[in-house]
Colleague: 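Pasting a structure below so you can have a look.
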2 protein chains.
Amino acid sequence: MKLGQATIKDIAKELNVSLSTVSRALKDYPGISNETKRKVKELAEKLNYRPNAIALSLRKSKSFTIGVIIPEVVHFFFSTVISGIEEVAFANGYNVILCQTNEKLQRELSSIEAMLDNQVDGLLVSYSKETEDFNHFTKLLKQNFPIVFFDRVPEIENTVNVTVNDFKGAYDATSHLINQGYKNIAHLAGPKNLTISRKRLDGYLAALQDHSIKHNPDWIIPCPIGTQEESFEFTKRLFENEKAKPDGIFASNDIAAAGAMMAVKSLGLKVPSDVGVVGFSDWQFSSMIDPPLSTVSQPGFQMGEKAISLLLEMINKKKDETWTPKTVVLETELIIRKSSEKIITE
Amino acid sequence: MKLGQATIKDIAKELNVSLSTVSRALKDYPGISNETKRKVKELAEKLNYRPNAIALSLRKSKSFTIGVIIPEVVHFFFSTVISGIEEVAFANGYNVILCQTNEKLQRELSSIEAMLDNQVDGLLVSYSKETEDFNHFTKLLKQNFPIVFFDRVPEIENTVNVTVNDFKGAYDATSHLINQGYKNIAHLAGPKNLTISRKRLDGYLAALQDHSIKHNPDWIIPCPIGTQEESFEFTKRLFENEKAKPDGIFASNDIAAAGAMMAVKSLGLKVPSDVGVVGFSDWQFSSMIDPPLSTVSQPGFQMGEKAISLLLEMINKKKDETWTPKTVVLETELIIRKSSEKIITE
DNA sequence: CTTTTTTATGCAATCGTTTGAATAGGGCTT
DNA sequence: AAGCCCTATTCAAACGATTGCATAAAAAAG
């Protein structure tokens, strides 16, 4: 034993009692004399005894560990979600093991395998951009293995999900641009296989429609990679090629919005007077760029908290009880900053 | 068993052989007939058998899990370190369990307890701002428990550490400001109990001295909290109160630099023409703010890789072999952007 | 002074796997 | 045909803890 950690056996030997007596004494079982309890506890204290969680896991077929699968920690949003998860997990005596997929399906598959080998009690998943087939999840769900999907949720049956109201967030953002007087609004869309991308696109379209603005299909630009460079390039191209230039941009995330803003500025146009820009997520940098970026903030921490709370509920169900599929939708908040203020309100 | 996962026992029963035969067949031990091996492997495949990592951990007193203790995931730098750690851990069959201290000593202590209970094979630590006493680490080190400290390293003996050359980074940053013609350079310092803060301060002082500039103690402003608001406030106060106003700011991190820049701008001064600003860390947002922030970039990913490589080396040592204390120092890179370019080079 | 009840403790199986030592059976040698 | 050596397999202990059941001793009841 690396740490020379004391075990129940050590205590038993030292006190000349059986293992079971020690075990029971430590947990105040009835039927152990006070004298023995005292002695056992004293020695345990002295030897700094701590139960071996691995042995307990094996015995109880329960590891008190949950696995979290996310695309990337460096994404500000995901890192706030992790904080929320950690907070609740910790408070309930659970450990969190983390795997990033780096947006790779292969990584997602192998991470899940690794986590199952380690007997995690449940999984919290936000799948990769490459994931288009959900068999690896349905297989587990069929076996009643607890999974909660968050943010990026699959369109399959009987799942428990936590998302943000992407539709409404996008709708509000786009409406805000329209109300500010921007009429020709382009959309930098996210990867098509993510539900969130579609929902945001739908919100964008609905807002246009509700304001009787016809949408221009050429102005919906998918940004599959999601880097600032990508949206910079695409935005530049959009503004250079088109005759009727857009005067507003709603981007499905802040990185894309930042890239777009740089592209617009590089063409000599001013934000917000010539072009209004709104992003999505409220990254840490969004309030610091110039002009500060209007955006739709998502409650990441809260999402983490909610997701793990649901998961713990599922884990604590009796073996044969099933859970009811549900989707918890958290509300977003439109944060208006300079980048979209055409109308100066005094 | 929640997953109805097949065990060695199931295979043994089905094929009417003993547990040991199955175990050995699966790992191609000599002395098992090819026929038996074939049958065992076939059935294992069919039942989708995967060894139970918990049982293995117990048997081998080795969990193939390492614990990572960091202040906060939302810090861009730390999240890149995590990526580096994960990458190497994963490639070597190790799992990573993560705890954030949120800069609280209490959290640090309880996280370490929890991780030890879970029999982590080693620890990767960047301690909290509150940590001033290192007994909880020395106790473990004395027992030969593998720990590698990264970024924030304690000043105690016989440790293995990975840091960045904070002194040189700060020296370079300050020298750069001086060379650009800024002569009155203030420093927004980090928490005093962190070595990195002191090293950066030292680098700043050394650069001033080497350029024969006398430092003004009032211009060294500790920012213990580390938020943008804090440095905004302190910077504003500095510029309002002093008669001889600084024309340069070297901040010990980018968040502080960003706050300072906003404060300066709010006072009607221009960056970089009136005041030059350089930060530390190269956060994601640093290139996006206006003007883009000059900063000292730290190789976070590489730091993670190096730290876990060292840890795995320690873990793989024989029981009684000791390791030699050492500190790996990674070099920083000065990234010059607009915020510090007084001299316009064409 | 038995018999019954209570109290305190021990035994042994179990969780899933590994591994040193034991063993059964077949073929070979002499 | 006795002895010996392989080869393929099994036994059993171990990792650290829990827990139903058995049991010994002490106390209470008759």
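These numbers were taken from a predicted model, which means no experiment stands behind them. Here is how names work: the chains are called A, B, and so on, in the same order as the sequence lines, proteins then strands, and each is numbered from 1.
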Colleague: When you get a sec, tell me which of C:dT18, D:dT18, C:dG16 is the closest nucleotide to the side chain of B:L19?
Modeller: C:dT18
Colleague: Nearest of C:dG16, D:dT10, C:dG10 to any side-chain atom of B:T21?
Modeller: D:dT10
Colleague: State which residues pass side chain to side chain donor-acceptor pair (under 3.5 Å) with B:S63; sequence neighbours excluded, sorted by chain then number.
Modeller: B:D121
Colleague: Go through the structure and list residues passing side chain to side chain donor-acceptor pair (under 3.5 Å) with A:E157, not counting sequence neighbours.
Modeller: none
Colleague: Drop me the distance from A:E155's CD to A:F149's CZ, to the nearest 0.5 angstrom.
Modeller: 12.0 Å
Colleague: Pick out the pairs of N or O atoms, protein on one side and nucleotides 26-28 of chain C on the other, that lie under 3.5 Å.
Modeller:
none

Colleague: Contact class for A:N16 (heavy atom, under 4.0 Å): base, sugar-phosphate, or nothing?
Modeller: sugar-phosphate
Colleague: Near A:E42 CD, under 6.0 Å, is it more than 12 heavy atoms from other residues, nucleotides or ligands?
Modeller: yes
Colleague: Have a look at B:I315 and tell me which of B:W323, B:Y94, B:F145 forms a side chain to side chain contact (heavy atoms under 4.5 Å, CB included) with it.
Modeller: B:Y94
Colleague: Heavy atoms under 4.0 Å, any strand shown: does B:S33 hit a base, just sugar-phosphate, or nothing?
Modeller: sugar-phosphate
Colleague: Five pairs at each end of the helix from C:dC1-D:dG30 to C:dT30-D:dA1: take the axis at both ends and give me the angle between them to 10°.
Modeller: 80°
Colleague: Counting only heavy atoms and a strict 4.0 angstrom limit, can you tell me which residues of residues 37-50 of chain A come near DNA chain C?
Modeller: none
Colleague: Under 3.5 Å, is there a donor-acceptor pair between the B:N95 and A:N118 side chains?
Modeller: yes
Colleague: Roughly, in whole Å, what's the span from CG in A:N52 to C1' in D:dG16?
Modeller: 6 Å
Colleague: Go along nucleotides 20-25 of chain C 5' to 3' and tag each nucleotide: B for a protein heavy atom under 4.0 Å from its base, S when only backbone or sugar atoms are that close, - otherwise.
Modeller: BB----
Colleague: Looking across every strand, which nucleic acid part, if any, lies under 4.0 Å from A:T36 by heavy atom: base, sugar-phosphate, or nothing?
Modeller: sugar-phosphate
Colleague: Remember a base hit wins even if backbone is also touched, and classify A:I54 as base, sugar-phosphate or nothing at under 4.0 Å, heavy atoms.
Modeller: nothing
Colleague: Does A:Y127 reach the side chain of A:F137, with side-chain heavy atoms less than 4.5 Å apart?
Modeller: yes
